[in-house]
Protein chains: 2
Amino acid sequence: MTTATEPLFFPAKAGRASEDVALQIEAAILAGRLAPEERLPSEREMQQQFGTGRGAIREALRALKQKGLLDIRKGVKGGAYVRKVGMINIGESLALFLKQHDVEPLALVEFRESVDQTLALLAIARGSAEAKASLVAMAEEFEACLRQDEPDADRVGHLDRDLNLALAGMAANPIFEWVMQALQRGFSSHDYALYDTPRYRERTAANWADTARAIADNDPMRAASLIGYHYAMLRACLAERTVNTVNSPLVSPDDS
Amino acid sequence: MTTATEPLFFPAKAGRASEDVALQIEAAILAGRLAPEERLPSEREMQQQFGTGRGAIREALRALKQKGLLDIRKGVKGGAYVRKVGMINIGESLALFLKQHDVEPLALVEFRESVDQTLALLAIARGSAEAKASLVAMAEEFEACLRQDEPDADRVGHLDRDLNLALAGMAANPIFEWVMQALQRGFSSHDYALYDTPRYRERTAANWADTARAIADNDPMRAASLIGYHYAMLRACLAERTVNTVNSPLVSPDDS
DNA sequence: TTGGGCAAAATGGTCCTACCATTTGCGCCG
DNA sequence: CGGCGCAAATGGTAGGACCATTTTGCCCAA
């Protein structure tokens, strides 16, 4: 508490001033010296603290914003705010990857099946009774929603997403959550295909509910079997719409 | 071929000029209008094509560089070059995530074991005979390297990385390669712990070689068992260095 | 007293201009 | 013929001015 106005930033320099600035700010964030939701000094202030031009500051902030660490607002009370979350903008990286390589849907399905199988095991082993009950409730709500003649596509997508994330959360492993979060954007559009096809819709919904119950009942083999069935259906469904959707958007970047 | 000097970029826009510029360039890259290794116009040229100031151009380029789409060089013949690679800066995202949440190493181990098990199955099923032979050769070279009294840490790290990526490549699924690529940075530092401990070193090397042979012999159960053993050792090794390294760097960002 | 609207201040967004640093390549000189 | 250095191209930085947006609060009117 000796110095209330700790410098926090050193005058930086080395030809790559902007990178230096970015590194210092990032370090301050990761070290916790800048808490989430906290506001950084204004550009004109930092320009003096760093002893550099405003352009360098702006480029550093732009990079950190792109990196997902900052949130920049205009107007008085504006400025750079430290972003709280972490999982964000990962999905964007995967979306970019999918766009550049236009990877076939089956590869995505395959990967997700692998993750889901492990996830089910971990969820059974570590999920609390409440979490398991909640998962079953969600799955049954999902089932009810899909049984309707006119399912609300938005709601279906949301419930499906929540189900997957709930399952990932029960595994008590942040990496799985991270990957799941990243994958959501990329494959949700394919999952929708499953729900759009009436023939698969009911079976898929019932299967989800059965899977949730198997997890709640601590029956790993049954859960694995049901998950396998889910993806078998998804593969079949995708096979049916072979070259039908030649150039579907696949993923939609939302730059909010 | 009607217009040799296709405009390629529209003059744009008010308010969010830099974002607009970034979007146009990104779109041009993803649409293939800008090929990898191709060089964009100089900042001073683009500043005219876009009808904007140079600062806006620079901020856009900075964002795209951070995004992993561009590579910027100085001097004459310098400028912005479209990056060829695909796996881009995913690893950086994960490294950031690990730093922010300081996730325990065991979570990482757990996830990678899950991925590796699937990877081995896919490699057996899809890997060509040449690829399998190559994997065995690499594993044996790795083993030889680790048997030395004074293993070259750099070389060990490189070989370990190449082994993992080779395995991922044999799965013929870009997503697995993508994830593996992402995990390398965050994980390698822990793997090194295994190789630094003499007691585990030889066993680990031999185990890698055995695993490669099991894959080459199309023996999935044996491969699975060996992989399990690898991670059992890694867990034990990590357990031994419990709170010893309280605040180790874990991952080191290299902004080359 | 209270409500609404307007003005001022803070702050990011942009443009401009000049200059510095680095890299490449060409031409000059030995 | 060859090496060395200078000039041009280009990104990197500095500083200043102005615009756009948003918040705050003041002032006037009902």
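Source: prediction; values computed, not measured. Just so you know, these numbers use all the heavy atoms, side chains as well, and skip hydrogens, waters and symmetry mates. Proteins come first, then strands; the chains are lettered A, B, ... in the order of their sequence lines, and each starts at number 1.
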Any sub-3.5 Å donor-acceptor pair from B:Arg155's side-chain atoms to B:Phe142's backbone N or O?
no

Is there, by distance only and without an angle test, a donor paired with an acceptor across the side chain of A:Arg54 and the base of C:dG13 below 3.5 Å?
yes

Taking 4.0 Å as the cut-off, does a side-chain nitrogen or oxygen of B:Arg73 come that near to OP1 or OP2 on C:dT22?
no

Kindly state each residue pair satisfying salt bridge (Lys or Arg N to Asp or Glu O under 4.0 Å) with at least one member in residues 21-30 of chain B, sequence neighbours excluded.
B:Glu26-B:Lys67

Distance check needed: D:dT13 P versus A:Phe50 CZ, whole Å only.
13 Å

Given D:dT13, C:dT11, C:dG13, which nucleotide is nearest the side-chain atoms of A:Thr52?
D:dT13

Side-chain (B:Asp71) to main-chain (B:Tyr81) donor-acceptor, under 3.5 angstrom
no

How would you label the contact of B:Gly55 with the nucleic acid (heavy atoms, under 4.0 Å): base, sugar-phosphate, or nothing?
nothing

Side-chain contact check for B:Ser42: nearest option of D:dG11, C:dT11, C:dT14 is D:dG11

Would you kindly compare B:Ala56 and B:Arg44 by the position of their nearest DNA chain C nucleotide and give the one closer to the 5′ end?
B:Ala56

Counting any heavy atom closer than 4.0 Å, what does B:Ile72 reach on the DNA or RNA strands: base, sugar-phosphate only, or nothing?
sugar-phosphate

Return one dot-bracket line describing DNA chain C 5' to 3' (Watson-Crick or G-U wobble pairs, both distances under 3.5 Å; ( ) same strand, [ ] crossing, | another strand, . none).
||||||||||||||||||||||||||||||

Nearest-nucleotide pick for A:Arg58, side chain only, options being D:dT13, C:dG12, D:dT10:
C:dG12

All N/O contacts under 3.5 Å from nucleotides 21-25 of chain D to the protein, with atom names and distances to one decimal?
residue	atom	partner	partner atom	Å
D:dT22	O2	A:Val76	N	3.4

